[in-house]
Structure formats: C-alpha cells, structure tokens
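The block underneath contains the structure these notes are about, expressed in structure tokens.
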Amino acid sequence: MPHHEFECSKVIPERKKHAVIKGKGETLADALPQGYLNTIPGSISERGCAYCGAKHVIGTPMKDVIHISHGPVGCTYDTWQTKRYISDNDNFQLKYTYATDVKEKHIVFGAEKLLKQNIIEAFKAFPQIKRMTIYQTCATALIGDDINAIAEEVMEEMPEVDIFVCNSPGFAGPSQSGGHHKINIAWINQKVGTVEPEITGDHVINYVGEYNIQGDQEVMVDYFKRMGIQVLSTFTGNGSYDGLRAMHRAHLNVLECARSAEYICNELRVRYGIPRLDIDGFGFKPLADSLRKIGMFFGIEDRAKAIIDEEVARWKPELDWYKERLMGKKVCLWPGGSKLWHWAHVIEEEMGLKVVSVYTKFGHQGDMEKGIARCGEGTLAIDDPNELEGLEALEMLKPDIILTGKRPGEVAKKVRVPYLNAHAYHNGPYKGFEGWVRFARDIYNAIYSPIHQLSGIDITKDNAPEWGNGFRTRQMLSDGNLSDAVRNSETLRQYTGGYDSVSKLREREYPAFERKVG
Amino acid sequence: MTCEVKEKGRVGTINPIFTCQPAGAQFVSIGIKDCIGIVHGGQGCVMFVRLIFSQHYKESFELASSSLHEDGAVFGACGRVEEAVDVLLSRYPDVKVVPIITTCSTEIIGDDVDGVIKKLNEGLLKEKFPDREVHLIAMHTPSFVGSMISGYDVAVRDVVRHFAKREAPNDKINLLTGWVNPGDVKELKHLLGEMDIEANVLFEIESFDSPILPDGSAVSHGNTTIEDLIDTGNARATFALNRYEGTKAAEYLQKKFEIPAIIGPTPIGIRNTDIFLQNLKKATGKPIPQSLAHERGVAIDALADLTHMFLAEKRVAIYGAPDLVIGLAEFCLDLEMKPVLLLLGDDNSKYVDDPRIKALQENVDYGMEIVTNADFWELENRIKNEGLELDLILGHSKGRFISIDYNIPMLRVGFPTYDRAGLFRYPTVGYGGAIWLAEQMANTLFADMEHKKNKEWVLNVW
C-alpha cells in the first residue's frame, strides 16, 4: 500500500489518502495522494485563504497600483510586509497598502459609500498613481457590497483612473489557490484588451506566473531582452497595470508558475489564440532548455545558445563546487504550491541532494503528479500537511535541510533541522544561472553552519566533544570526506557574485536587433 | 501652543498601524499553558497571525483554524467548530484550554459559538473525552470592532471570567501585563521578586524565548496555568498595567469578587515605575527595598549621562499600542525630549478621557498632536507634505519605510519588531526598561549622526 498513515493522524482517517510513500516500481496510479480538498478543521493546516491568494500572492506584486482591500484593517495589515516581491520603481507596492477600514456600522448599513470615499482619498494621497485594484474580503462579500458598481461609478467621474475589482473573499475555496484562479479570470475578463501596446520588436511575449521574488523576474527579463524579445507584460511581479491590459497582443505566453497562473494563459489561448509555453527559470538545465524552447519558437535559437554558453561557462564551476559538498544530503522539499516539481529533480541532478519528502499546501493533484513523477523511490509526499505530520515526518526522515516557509521553518529549527525560505528565499534571487548558484550557496551555508554543529552537542555530557580551538569554518565541516582532487580543484570555486545581483541589471543596455516585420 | 487630540480626518486607512481583534485573542491564547485556540473564520485569519508572531519572535506558535470555506459561509459553519474541537483534542492529548475565537465572517453569518460550546460540553466532551479536563471558551472578536488591542482586552477578560474562583483568598496579586514582550515579563517579575510579592502573571510569556536543545525538545509556548487562572479570584488586588489591555478583566474581578483593580500606569520610565512600586506597596503593605533603590539609582545615573547633552529638545513621533505610546511619551518628557506626534491606531472613544492624555493636554507647553484612529499616512503625510520635522521615530516595524525613505532615525519598540534582531528579549518597563530605552534612543541618534556626518565628532568625548 503506497498510502502513508501518520501516527498522529490515525484519529482522522481521511488524512491517510493525503500522503504516500513512493514504493519500488510504483506508478503514479498507485501513488497519488488526494489534493485540493477542503481542509480538516482543527488540524493546524498551513493553508492560507483565497483573499491572500488573490491579493497578496498575485495582485500586489503589480507595481504601479494602489492596492485597496475592502474590509476591516486586519486582512490588509496581516498581508503587508510579509513577502519579498520587489520592483524597479522603489517598491511602491511593498511600501503602501490600503484598507477601507470597515467598521460595525458599515456591516449593518453597507460599506459602498465608505469604499467610494476611500478610493477618492487614496488617489488624492498619491496623485501620481492612476491605477487601482480593489480586493473583496470575507466581510464585504457577506454583506453584499457591489464593488464593481462603485468602481464603474468612480471611473466615470474620474476618467483618468482605471480600477480593477477582484471578488475573492477568504472563504472562497479550500486554500489560497481559489484566489489565484479568481484573480486570473477577473483580470482577463475585465482588463485584457483595454490598452493597445506599442510593439517594438518581432518577438513579443507575456511573462506569466512570475512574481519577482528578490528579483527573479528582472533576472529572467534580462535574458529575454538579450535575446531581442519584447516583454509586453509580466503577470505580475514587477509588472505594470497597463502592460497587463495589453496581454492580448503578445505572440507567446511564457508561463513560469503553472499553479497560480495557468488559468490566464489558457484563457489567452482560447480567446486570442496566443500559445502557451511552460518554462522553468530554476536550474541550469531547465533554464537552458526553456531559453532554447523560446528561441526555437521565434527562430532565434542562436541567441539563446549564446546566452546559455556564456552563463554556463561563468557559473557552472561555482555550482559544481557546491554540488561536490552537497552530495547525498537529505532534503524535505516543502514549499507552497508548485516548487515541489520545479525543484525536485533538478536539485538532485544539479546539486547532488536527495529529496526525501515533498509536500504542497495548496497544490492540486496535477502538482503532486508532476512532483512525485520527479522524485525517487521512498519519497514521502504529503498534501495539505499539518503541524504534527510535519514533525513526525522530520523525526522519521531526519533530513539535513528543509526548504519551506518562514513559520514552518521555525518549527524545524527547534528539532535542529536547518531551514531555507522556499517562498521568499534567504539570499536570492534563485532564478537564473547565477541565482541557482546562490541557492546552492545558501543550502550549503545552512547545512554546514558551525552553529548548527554546536546545536547538537549536550554540554552536560562527559562525552561531549572538546573542541580544541575556538572555531570551525564551513569547509572544515564539509571537506573532510572529499577527495584531494575535488578539494584542491583549480576549476571549481565558491560563489563570486555580490550581495545584490539584481540592481545592476536595471542599468543594463541591450543590443538592438533589426526588425524583420515592420 | 497646545496639545491637541483629534481623530484622523480621512475615512480610509493607508498603511494600518494595527491589525484586527482576533490577533489580540490569539496572542492571549498562546500565553496559556496547554492551550491551543481555534479561530473560527477563514484560514488567513490564523495563518498570517501565526506568521507575524513568528516574524516578531522568530518562533512558531500553535493556533488552529475552523477553516471556513464557501459552504460554511452560505449555510453556517458551527459544524466546523465542532469538528475542529474534536480533531484538535484527539490529536493533542495535553490540550486543556481551547478558546474559540470569532472573526468578521463568522460574526456576520451569525454562528452561535456559545451554543456550540454548550452542545460540545454536553455531548462530545462527555461522550468522547469523559476523563479529560477541557475548557472551551468563547471569545467574540469581530474584526470590524476595535483592533488587536481591544481583542486582547476582551480575550483576557473571557479567560479570567471562565476560570476565576474565590476559594481561599491569599496574598497574591494578579499582574495583567498587557501585550508585552518576554523581556518585559522578566523585568516585572524581577520587581515583584525584589518586593517579595507573589503574583498570578497573565501571561507568563518569558518562555516564548525558548532554546534549541540537542534533543529537539523545546517549544515556544506561554506558561500561565489553569491553577494560576483559577487563583486570580483569590488575589488581594489586580494590577492591570495597560489600561487598554487588561482593564476589562480587572473590572470583572473587582465586580465579581471585590478584588481592588489598580489600572495603570504603564510602568515605562522612572516615574511610572515609581508609581507602580508605590501602588504595590499600598496594596500589599510590603516595603520598597534598598535593592530597588539601588537599581533605580543605576538607571538615573544612566539617564543623567544622556539627557541634557543628547536627548533634550529632540522631536519625536510615537505610534503603536496606546499604553505604550503614552508611556513612551511621558518618559520622553522626563528625558527633556519633545514628543510632537502620537498616533493611536484605532477609534477607541475612551482615549479622550484617559487621565494621562488629559494631563498632557493640561501641561505640555509646545505643539503636540495626538491622532486617534490613525494610520501611517498621518505620519508620512505630515513629513512629506506638511513640513513636520523629526529627530526620532519610536514605533514598530510596519512603519520602517517612513524612517528609511525620509532618513529619520527610528528605534523599534512594541509589536511587531521583525526588522531588528532580538528586541523582544529586552524590557521597556521598569528601571531596566528605562535604561534600555534611553540608551537605545541615544545609540540610534548616535548612529544617525555618524551616518549623516552631523556633528559626529561630538562623540569623541562625553
């Protein structure tokens, strides 16, 4: 039987179908856990809500927008300053957040007038911003405020502004994933096709499902620009509102996170005939393949190849330095939605790590399908994990590192498993060739932290080690079992990039490619 | 020039200073031993509050959700609470206290949480957990009323009301600390220890600052026991240090058991700590010992090194929890500083009648503004568009970009302070807190002088 029953979950038998251990010779048909079902109350699941999925994950990375939540202040406050989606306009969307501040009287008498006042106040406070998104919350959904009507009314009165409305209250679906879907569909229904862009090149894409965590989007757009590709919009990291209104004019949708943004790609294909190409910015091979595929689509493989050759030559020796030292280290790959399959095979192949467990909080069965397909035998896969199951799995698997979110990372810390932030990253970006080396570097630094070594020592014991000297370096801990050839290699080297690998990209100039069509 | 109290003129909130009521109830929940609260609402109401606790403390705390989904929002979700209690108790055999914390959604749909608790007490608990001590406590904390501050106040009252019993009156006091840090609790217990006073501490959260142990056994959780909570009914006096974070409970105990309630002052600064100790002396008859006179002297010595030379005249804006803001403002005045703008982040109508605010209005001899229902735009707009000049900002981390963008030094204080390391370990209350605050303010100003090359050479000798 491939299903895995946790000791701690025996009292909730339905949980058994949410975890599997991939056995020898088993196929996906044997070993697929259920996914994206309603959460079991009181299980201390790690899931968020559909409001945060819409507003916090997808809406807010849009950079030139006033993002208002229509509800009490809590939803706004709680989702503010908990992510690292930066932008090249001095992070306006990180710094400012807006709540209509619904109070008891509004619950009783309605909050539409309040909303309208809010909209006007916010545009007045930031006269340079003419674009706005409004997010419904549980409270305003339940009292039935017609947000769309108010938005229309304001747009008529203030023709210079444009407003998008997302009706995705917190209870709309089993997890944040419900909100991803709702905002995808709302955006294409309301906004796509309302702006005609200037087309400046022969090869035009939308970059979709990319949220510019620590600069991921800027790294990838750098490659696209070096290939002479015009990026019409990014959905949504570092993306501009009006750029995203013009998505219908792209020749190709390049999709990164299929969990959160495949919906809009599929709709763009149906409504405007724009093909979808799934890519992956994580890992040398997936990234190189991705650039090659885009190159092939446009008939510019040579440009892709030039970039790949240059980048691999620059960064591969650094990646391999870490790979030698990470061989066989056990990883719990416990992200939110889709990174289990973006990362599972490639951290094994390119960093030498061994994935012993994958989980997804809000992924669907399709994510599990891909994740499990890319894992080796014996891997424990968990859907919608909860606190006790996580601890039981850590006890059982004894991983060397866990890749997960900030708060679950604190749980792992207590049982002496070093954690790396899979959502916001430690010292990212992690996309791009250089980014992938930064990821390997962060994993190495976590696993071979001298402090981590100290944490396992019981100083009260007579057999506690005597240190001899007052320090250990990471390499003293990591290099003991390496061969001389590896240890003294003149080609391999540690990461040589700087602390900030992104800001310099903003200054970069790009080659002009001659246009074939006018 | 006077001190003016006014409400924010705009209806909306640009960058909120507070979150909503359920967060306050959740903070109470994690302070109680063997307690896991269930938040009845959408999952985000728990997930993000757990996240912000972990941002502040760099630790994880257990809180559960009833996971309200669409069907529950339409048809009612009482069944989700019943299932949540069952699942939680079945999987956490040590849990004895389960607050059921409501949110905006479940208050609007009108779920009868008190009724559910009655049903569970008579049904599930008797049938499935007959030999187990379990306390289900309803906490009504709709998000559209008050703020995290009132949510805390309500939740402390609900806990005390559930447990307090008058069995055998004793000499202990009840110490309601308000929403503070582990460092504060440590300092307060130290003061009580020196006074030889025993207390029921609500809440014992020193243990939030927990270790990594070789066997991986440590967890962060509060330590106020059921026995402590029952014992609140036996105490000789209740000290609610923060007027807005504990008064409801203190008044309940006074009304129900005639236990005198001493409300405030928030013991920030030397003077308020003096008042606190004198109040303790009056309530218990215990003298203030030499050891505290010595500590007080050390603190005064530290402050004397800083006030005239560095802190005098410095213009300060302070925002955050009302008792913290008022306490800091009072302390700043003792330090010869000029708090010019105080921002209180909710619309509590009682602020205008607060005796401390009245005293400021009567005595401040320069322009001071106190804004209620405030947001961060009240601060930023004054700096950006109205020429407000500041030397220092005191407040929590959510205001960090104002400090960064307008190049005004800021000392992180209050909750949350996630963009600085370990601040929860240090007190802001008591004589120890007075030293910490004054020296951190000074060091913050010093670093800024050097950063801006603004008479940085002054520090060569002092």
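Quick note on labels: first sequence line is chain A, next is B, and so on, each numbered from 1. Scope of the values below: all heavy atoms of this structure, side chains included, with no hydrogens, waters or symmetry mates.
Comparing B:R80, B:Q55, B:E62 by heavy-atom pairs within less than 4.5 Å of chain A, the highest count is held by B:R80.
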Using the rule given for ring-ring contact (aromatic ring centres under 6.0 Å, His included), can you reason through B:W377 versus A:Y98, listing the C-alpha separation, both sets of side-chain angles and the distance that settles it, and then say yes or no?
CA-CA 10 Å; B:W377 188 244; A:Y98 308 75; 8.5 Å; no
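B:I108 CD1 to A:I143 CD1: the interatomic distance, rounded to the nearest 0.5 Å, is 6.5 Å. Once rounded to the nearest 0.5 Å, the distance linking NZ of A:K406 with OG of B:S54 reads 4.5 Å.
The part of B:Y418 that comes within reach of chain A is its side chain, from C-beta onward, which places non-hydrogen atoms under 4.5 angstrom from that chain. Using a 4.5 Å cut-off between heavy atoms, B:N15 contacts chain A through both its backbone and its side chain. For a residue to count as touching a neighbouring chain, one of its non-hydrogen atoms must lie under 4.5 Å from one of that chain's; by this rule B:D405 touches chain A with the side chain only.
Atom NZ of B:K128 is surrounded by more than 12 heavy atoms from other residues, nucleotides or ligands within 6.0 Å.
Side chains of A:T39 and B:Q43: a donor on one and an acceptor on the other come within 3.5 Å. Side chain to side chain, A:E387 and B:Y92 fail the donor-acceptor criterion of an N or O pair below 3.5 Å.
If you run side-chain contact (heavy atoms from CB on, under 4.5 Å) between A:C138 and each of B:S143, B:C45, B:S105, only B:S105 comes through.
By the salt bridge (Lys or Arg N to Asp or Glu O under 4.0 Å) test, A:K361 is found to be paired with A:E46, residues two or more places apart in sequence or in another chain being considered.
Not a single donor-acceptor pair under 3.5 Å links the side chain of A:K103 to the backbone N or O of B:G146.
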